[in-house]
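Values reported hereafter were calculated over all heavy atoms of this structure, with side chains retained and with hydrogens, waters and symmetry mates removed.
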Amino acid sequence: MFSSIEDVIERFAKNNYIASRRIATVIYLASELGKPILVEGPAGVGKTDLAKVLAASLGFDMIRLQCYEGLDEGKALYEWEYAKQLLYTQILKDKISEVLVGAKGLTEAVDRIAAQDEVFFSERFVLPRPLLKAISSEQPSVLLIDEIDKADAEFEAFLLELLSDFQVTVPELGTLKAKHIPLVVLTSNNAREMSDALKRRCLHLYIDFPDRAQELAIVKLKVPEAAIKLAEEVVTVVQSLRKLDLKKTPGISETLDWVKALTLLNVNSLDQELVTETLDTIVKYEGDVRKAQEELKDYVRRVRARRGTEAGSDKDLLN
């Protein structure tokens, strides 16, 4: 585990994740207390990456459960392979007959079959899903329950028991207890409010969009090949786009994608024609694209004014 808050920051940095002291504190406390972390915030701020880097920093396996509407216990926990069980029964039909040879009456025959239950009711017929994988893992793991807010409230209620006891009951096998209690990270984009019961069981962490300095540091870390001027201009524009009324606000992942795309196209400044051709990298809806184009035009005009350039001296490449 981690030895201190500073150790969290250092290990995360080695895995290219800039963790603030607040984030590092929650991670350290969760690892020491054995409590799940509920990470909330807008889409694209690095909530899922937090779990991935946590696993990498500790050398743990990461097991991911992607939540969605209609997700139920069976799809998240395990499936019983009835077809495989039936196939085994057919294959072993002759052996079953041998077991029943000499049985005196139905009761004795049933007792003999019951004595062989472990053959037909065993873990070999259990197809584990993420939750059972995390509980039955032979090694410590990080369990990521991603976008829990997309799952139904009934599924959230089922999770409460799991997060409290870290054990599950399989009717055919009995109660299975965790061999190693996993570090659990739940993420939410705030599509719906989480229950008080779930929040009580978790440490809470809210990750918002970073400020300009933080986002620029992330870009430099993740896309070191990008020109400094380009990185600065992209971050400035993205920060301003987030203030607009967009259907989908661009996250850090979109910032990185845009910088990578512009760098790949050898763009060194936003005052170039290729910018409008790559806007779809950062904004995902046509209405948002038009708003972004207007914002970019304003940005270019501000840059030109700052440089003391006449407004009409150059061709406006963003038209």
Between Ile145 and Cys67, the two heavy atoms sitting closest are CG2-SG, 3.6 Å
Ignoring hydrogens and angles, tell me if any N or O in the side chain of Thr187 forms a donor-acceptor pair with the backbone of Glu147 under 3.5 Å.
yes
Quick test of your reading of the model: are Glu215 and Arg242 salt-bridged, counting only N-O distances below 4.0 Å?
yes
Pair Lys248 + Glu254, salt bridge at N-O below 4.0 Å:
yes
What do you reckon, is CG of Asp211 surrounded by more than 12 foreign heavy atoms closer than 6.0 Å?
yes
Got a sec: does the CD of Glu286 have more than 12 other heavy atoms crowding it under 6.0 Å?
yes
Chi angles and distances behind the side chain to side chain donor-acceptor pair (under 3.5 Å) call for Ser240, Glu295:
CA-CA 8 Å; Ser240 64; Glu295 182 64 23; 3.2 Å; yes
Quick check: do Val142 and Val184 have side-chain heavy atoms less than 4.5 Å from each other?
no
Does Arg22 form a side-chain contact (heavy atoms from CB on, under 4.5 Å) with Leu205? I'd like the steps, not just the answer.
CA-CA 8 Å; Arg22 179 168 171 266; Leu205 175 63; 3.8 Å; yes
Is a donor on one side and an acceptor on the other found under 3.5 Å between the side chain of Arg64 and the backbone of Pro130?
no
Are any side-chain N or O atoms of His180 and backbone N or O atoms of Glu138, one a donor and one an acceptor, separated by less than 3.5 Å?
yes
Asp152 and Glu156: CA distance, side-chain angles, deciding distance, side-chain contact (heavy atoms from CB on, under 4.5 Å) verdict
CA-CA 7 Å; Asp152 300 326; Glu156 182 184 333; over 6 Å; no
Any donor-acceptor pair under 3.5 Å from Arg192 side chain to Asp149 backbone
yes
Under the 3.5 angstrom rule, does the side chain of Ser137 hit a backbone N or O of Pro140 as a donor-acceptor pair?
no
What I want to check is whether the side chains of Asp61 and Gln139 have a donor and an acceptor closer together than 3.5 Å.
no
Within-4.5 Å side-chain heavy-atom neighbours: Phe209 and Thr249:
yes
Below 4.0 angstrom, N of the basic side chain to O of the carboxylate: do Arg21 and Glu6 qualify?
yes
Do Gln214 and Arg212 get their side chains close enough for a donor-acceptor pair, meaning under 3.5 Å?
no
Contact check, side chains of Leu50 and Phe12, non-hydrogen atoms, under 4.5 Å
yes
Can you give me the closest heavy-atom contact between Ala30 and Leu203, atom names plus distance?
N-CD1, 3.5 Å
Distance, nearest 0.5 Å, that separates CG of Leu144 from CG of Leu54:
10.0 Å
Exceeds 12 heavy-atom contacts within 6.0 angstrom, atom CG of Asp208
yes
Taking the side chain as every heavy atom from C-beta outward, state whether Glu233 and Val237 have any atom pair closer than 4.5 Å.
no
Any donor and acceptor pair, going by atom type alone, linking the side chain of Lys47 with main-chain N or O of Pro42 inside 3.5 Å?
yes
Taking all atoms of both residues into account, what is the closest heavy-atom pair of Asp288 and Val283, and its distance?
CB-CB, 4.0 Å
Minimum heavy-atom separation for Pro182 to Leu143, with atom names?
CB-CB, 4.3 Å
Indicate yes or no: does Lys291 engage Glu294 in a salt bridge with an N to O separation below 4.0 Å.
no
Just by distance, with hydrogens left out, do Thr263 and Glu225 show a side-chain donor and acceptor under 3.5 Å apart?
no
Within 6.0 angstrom of Lys150 NZ, more than 12 heavy atoms from elsewhere:
no
When you look at NZ of Lys14, are more than 12 heavy atoms from neighbouring residues, nucleotides or ligands closer to it than 6.0 Å?
no
Do Asp72 and Phe155 make a side-chain contact, defined as non-hydrogen atoms from C-beta onward lying under 4.5 Å apart?
no
Tell me the closest heavy-atom pair linking Glu32 and Phe2, and the distance in Å.
OE2-O, 3.6 Å
Tell me, do Ser3 and Tyr28 make a side-chain contact under 4.5 Å, heavy atoms counted?
no
Student check: side-chain heavy atoms of Asp146 and Leu186 closer than 4.5 Å
no
Arg11 and Asp7 ion-paired at < 4.0 Å:
yes
Run the side-chain contact (heavy atoms from CB on, under 4.5 Å) check on Met62 and Ser141 step by step: do they pass?
CA-CA 6 Å; Met62 195 193 82; Ser141 62; over 6 Å; no
Does Pro210 offer a backbone N or O that forms a donor-acceptor pair with the side chain of Gln239 under 3.5 Å?
yes
Between Thr281 and Asp257: side-chain donor-acceptor atoms closer than 3.5 Å:
no
Please check if the side chain of Ser188 supplies one atom and the backbone of Asn190 the other of a donor-acceptor pair under 3.5 Å.
yes
Is any side-chain heavy atom of Lys284 less than 4.5 Å from a side-chain heavy atom of Lys247?
no
Could you pull out the closest heavy-atom pair between Leu279 and Trp258, with the gap in Å?
CD2-CZ2, 4.0 Å
